[in-house]
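Heads up: the structure comes next, in structure tokens.
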Amino acid sequence: KKDENAANAELADYRFGLWVSRDEWRVYVSGYSDNKAIKRVVSNTFEIMDSIDFVQDEAHFNATVRDRIRNALDDRDDSISVVGMKMINQLLFSSYHTANQKREALEQITQNEVREHRDDFKRSLTAECVVHGNALQTEALDYAQQIRRELGVGEVVMDDGRREALLEQPLSLPRGEWLLRGRSPNPRELNAGVKVMYFLGEGEAGFGDENSKYMVSALASTLDTLMGQSCFNYLRTIKKLGYSAGCYSGSMGSQKTFQFAVVGARLDAGPPVMRQEITNHINMEYEKFRLMVNSSEGLAAVEEAKRTGIRDLTDEPTSNRESMWETFSNIFYQQTVDFERTQQMVDAIKKITPQLLLKFYESAFLSEDKLKLSVEAYGVNHEMPTETQGNDFLIQDPAQFRQYILRA
């Protein structure tokens, strides 16, 4: 039924999504100008919860439920990038479980347990209805009231202020340089890859003497603009490390990050070589940033990067449907829901100077107090070393290491 709703929405150039996680059901509908259509889609979606048949014989339950989940849990075709991200998630997030753990649990689950979970979930529901775009406040309240009635939850309360989002925070790693290594479960995987992640601090925070809100995020975004093309050129074009290479700013919970990633099949350029070249690129870029501080060309480059960042935040989108989804994500998938975030980001970007950017670069990538997490994922033909490089601390077992940090 979920797939049917999604197909009907896409045919009409709308967007529909339903995500089910451990703690929530998340429904997203966009593009509809007919409020009756919206209500119908929302109503059909919630009916899914009550329409599940829990009186199937076990053979049918296996074929329709267990077999589909088994197929979804088959990680032998995971790309090397997905293998790396799974290692990171296993280390940083308590809610993450490996495919093996899920497969073992799946074989023990009964229909009655699924039904009890559904009923417990419904009894403990709270609903959060987010309406944005060209809907009147009265229409937004009408949608929320419908959801309240269908789910049997409490009264509708209007709220347009800041609040903490329900996002799990990653494990707080101690300062240092941490390393994860693993091999792909795909016996045909010819690629290897690395991801090197620098943790920059809280995205909403100021930096140094500049206490403007979102300054860490603004600086990371500006670095992204300034370094993106040169990073690609060095790692992929000049060094020919792989078919995919680049760097970008990102987030892990409320923490802002800057990440470098390379994927390739060269046996003479496996993960240790990839990571060394990333370090070489960071050092070369540092020289460029140092020269930038005292040159008119450097100032012009920073100003252009700032204009690009502001334009990306404020320009009218080319596709209304896609822009609505992006706007929604930028507001509601952050650690703090903040309707003023865009304007505050713009204000922070305007205050960036070459000197501040250089100081941020040194703090993020070069200081002895930096926090760096590297992941090496190996294909079938790449030899996995046992030794480490430089100041790396190798994490042998992410789950055990996680418990050690939490007890410390």
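All values derive from a computational prediction rather than experimental measurement. What's counted below: heavy atoms across the whole structure, side chains too, no hydrogens, waters or symmetry copies.
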* **salt bridge (Lys or Arg N to Asp or Glu O under 4.0 Å) pairs, two or more places apart, involving residues 81-95** =>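 Matches after skipping sequence neighbours: Asp78-Lys86.
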Separation between [atom1] of [X] and [atom2] of [Y], rounded to the nearest 0.5 Å:
{"X": "Leu366", "Y": "Leu358", "atom1": "CG", "atom2": "CG", "value": "9.0 Å"}
{"X": "Thr222", "Y": "Met215", "atom1": "OG1", "atom2": "CE", "value": "8.5 Å"}
{"X": "Ile395", "Y": "Leu173", "atom1": "CD1", "atom2": "CG", "value": "6.5 Å"}

With sequence neighbours left out, what residues match [X] under ring-ring contact (aromatic ring centres under 6.0 Å, His included)?
{"X": "Phe199", "result": "none"}
{"X": "Phe360", "result": "Phe207"}
{"X": "Phe61", "result": "none"}
{"X": "Phe393", "result": "Trp178"}

Would you tabulate the side-chain donor-acceptor contacts of residues 234-244 under 3.5 Å, counting partners in other chains and residues two or more places apart, or write 'none'?
residue : atom : partner : partner atom : Å
Tyr234  : OH   : Glu277  : OE1          : 2.6
Arg236  : NE   : Tyr243  : O            : 2.9
Lys240  : NZ   : Thr237  : O            : 3.2

Count the heavy atoms belonging to other residues, nucleotides or ligands that lie under 6.0 Å from [atom1] of [X], then report whether that count exceeds 12.
{"X": "Gln400", "atom1": "CD", "answer": "no"}
{"X": "Glu387", "atom1": "CD", "answer": "yes"}
{"X": "Asn391", "atom1": "CG", "answer": "no"}

What pairs of donor and acceptor atoms, side-chain ones from residues 348-357 against any protein atom, are under 3.5 angstrom apart with sequence neighbours left out?
residue : atom : partner : partner atom : Å
Lys351  : NZ   : Ser212  : OG           : 2.9
Thr353  : OG1  : Leu356  : N            : 3.1

* To do: Give me the one residue out of Phe258, Phe365, Tyr361 that meets ring pair (Phe, Tyr, Trp, His ring centres under 6.0 Å) with Tyr198.
  =>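 So the option named by the test is Phe365.
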* Just jot down the side-chain contact (heavy atoms from CB on, under 4.5 Å) partners of Asn71, sequence neighbours excluded, or say none. =>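 Asn71 satisfies side-chain contact (heavy atoms from CB on, under 4.5 Å) with no other residue.
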* To do: For Pro272, enumerate each residue passing the side-chain contact (heavy atoms from CB on, under 4.5 Å) test, keeping only those at least two apart in sequence or located in another chain.
  => Glu376, Tyr378, Pro385, Gln389
Salt bridge (Lys or Arg N to Asp or Glu O under 4.0 Å) partners for [X], two or more places apart:
{"X": "Glu177", "answer": "Lys370, Lys372"}
{"X": "Glu287", "answer": "Arg290"}
{"X": "Asp142", "answer": "Lys39"}

* Electrostatic pair Glu303:Lys306 at N-O distance under 4.0 angstrom ->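 Here Glu303 pairs with Lys306 in a salt bridge, since their nearest N and O are under 4.0 Å apart.
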* **Test: Asp397 and Arg402 ion pair at under 4.0 Å** =>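 Not counted as a salt bridge, because no side-chain N and carboxylate O are separated by less than 4.0 Å.
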* Asked: Is the backbone N or O of Glu304 less than 3.5 Å from a side-chain atom of Thr308, with the two atoms forming a donor-acceptor pair by type?
  -> yes
